[in-house]
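Proteins get letters first, then strands, A, B, ... in listed order; numbering begins at 1 in each.
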2 protein chains.
Amino acid sequence: MDTRTDTPRDAETSPDPLRIERLCVERGLKMTGQRRLIARVLSEAVDHPDVEELYRRALALDSRVSIATVYRTVRLLEEKGILERHDFGGGRARYEATDHGHHYHLIDIDTGKVIEFSDAQHEALAKTIAERLGFVLVGHRLELFGRRPSGAEETPRRGARRRGGETA
Amino acid sequence: MDTRTDTPRDAETSPDPLRIERLCVERGLKMTGQRRLIARVLSEAVDHPDVEELYRRALALDSRVSIATVYRTVRLLEEKGILERHDFGGGRARYEATDHGHHYHLIDIDTGKVIEFSDAQHEALAKTIAERLGFVLVGHRLELFGRRPSGAEETPRRGARRRGGETA
DNA sequence: ATATGTGCAAACCGTTTGCAACACC
DNA sequence: GGTGTTGCAAACGGTTTGCACATAT
């Protein structure tokens with residue numbers, strides 16, 4: 001197993017806009033107009049939007065959605081394993097499609113940006129540790145919080161929030 | 001650096017009941033009756049209680065506390081670096097004293113128990129990964145979710161909750 | 001036709017806060 | 001005695017839900 005590579009995943013890949021909808025149909029979900037709409041927004045997302053943001057993007061395409069439906073849909077898709085919920089701090093849940101592979105997050109604490117990466121060595125290590133402690137690893141969470149070396153301050157932070165960091 | 005040891009920390013060590021209070025005084029906090037009380041509860045805790053639980057334990061010792069004060073104190077101590085807040089899922093923040101060393105958590109998804117461990121190899125790896133991605137590591141979070149091998153079912157789960165796992 | 005999804009607004013739940021009374025230094 | 005803390009209850013913010021209506025299958 002290659003343990004020496006961190007693969008920063010460039011989040012530019014927004015394949016086809018029906019990706020998520022197809023997954024919904026596969027799991028036998030009844031496809032309504034608003035579910036199609038939300039599925040499309042999710043398919044096009046290359047970041048980790050929260051519900052409010054999803055709602056905003058959906059509204060921009062079609063005004064016949066309510067935020068309650070976004071909440072319901074997002075929860076449903078999470079239960080179906082189509083979406084993954086993250087808590088990066090800040091009190092709101094943030095979502096991303098599960099269909100683009102296992103990866104971790106590094107949160108830039110100055111800009112709030114999220115960098116995705118994968119690391120086989122860590123993956124193996126997590127499993128090993130669990131086994132050493134007498135467990136079978138079922139899931140794990142790794143998040144790094146970092147800052148670009150001081151010389152290069154880039155985008156200044158957009159504004160504070162109750163707790164934890166805001167992230168992109 | 002020794003990278004081959006996972007140290008499961010047995011959470012039986014509840015040293016002296018004034019541990020936290022002493023830290024408070026050191027940081028120049030005005031010690032009121034309720035702060036002393038809450039500090040004592042925290043000093044005696046060997047788990048990761050949420051605010052409600054802290055409040056319950058404090059009440060058992062002295063009824064002259066309100067939950068608002070627990071919230072305020074816990075937040076204050078966190079700002080002073082005396083407490084660490086965790087989000088293990090389930091919507092409520094959970095706390096532990098920072099003074100017993102850096103460690104990670106493995107959550108038993110069947111019983112909800114939290115096992116603490118430290119791992120130097122992981123620590124080094126996290127730093128390396130961040131650097132490889134062009135960041136200085138400021139903080140990180142590692143949580144393992146595991147299950148004891150099937151043969152030995154132990155304590156059955158105590159009951160479900162809205163979201164995420166309940167933990168001890 | 002019927003079970004299921006939707007919108008609205010109210011309920012919920014953890015947490016924070018304004019204010020007047022109170023306690024520590 | 002004055003500044004900082006507490007208790008209460010109300011406010012908050014994200015999320016869920018009851019209900020009447022609408023819609024996919």
Using a 4.0 Å heavy-atom cut-off, does A/Arg64 contact any base of the nucleic acid, only the sugar-phosphate backbone, or nothing at all?
sugar-phosphate
Of the listed C/dT15, C/dT17, C/dG7, the closest approach to the B/Tyr71 side chain comes from C/dT15
Of the candidates D/dG14, D/dA9, C/dT6, the side chain of A/Thr69 sits closest to C/dT6
Those residues that, when tested against [X], pass side chain to side chain contact (heavy atoms under 4.5 Å, CB included) (two or more places apart):
X        : answer
B/Thr98  : B/Glu84
A/Ala126 : A/His122, A/Leu137, A/His140, B/Leu144
B/Ala58  : B/Leu37, B/Val41, B/Val65

Please report the distance, rounded to the nearest Å, between [atom1] in [X] and [atom2] in [N].
X       : N      : atom1 : atom2 : result
B/Ile67 : C/dC13 : CD1   : P     : 13 Å
A/Leu76 : D/dT15 : CG    : P     : 17 Å
A/Tyr95 : D/dG14 : OH    : P     : 13 Å
A/Glu79 : D/dT15 : CD    : C1'   : 14 Å

Is [X] salt-bridged to [Y], cutoff N-O under 4.0 Å?
X        : Y        : result
B/Glu79  : B/Arg75  : yes
B/Arg57  : B/Asp50  : no
B/Glu52  : B/Arg56  : no
B/Asp108 : B/Arg147 : no

_Distance test, side-chain N/O of B/Arg92 to OP1/OP2 of C/dT15, below 4.0 Å_ = no
Sorted by number, residues from residues 29-41 of chain B placing a heavy atom under 4.0 Å from DNA chain D are B/Lys30, B/Thr32, B/Gln34, B/Arg35
In numerical order, the residues of residues 54-62 of chain A whose heavy atoms come under 4.0 Å of DNA chain D are none
| message | Ring-plane angle category for A/His86 and A/His105, please: parallel below 30°, perpendicular beyond 60°, tilted otherwise. | response | perpendicular
May I ask you to verify whether the side chain of B/Arg72 and the base of D/dG4 hold a donor-acceptor pair under 3.5 Å? no
Kindly list each side-chain donor-acceptor pair under 3.5 angstrom involving residues 25-34 of chain B, sequence neighbours excluded, with atom names and distances?
residue: B/Arg27; atom: NH1; partner: B/Lys80; partner atom: O; Å: 2.7
residue: B/Thr32; atom: OG1; partner: B/Arg35; partner atom: N; Å: 3.2

Nearest-nucleotide check on DNA chain C, B/Glu52 vs A/Ala68; residue mapping nearer the 5' end is A/Ala68
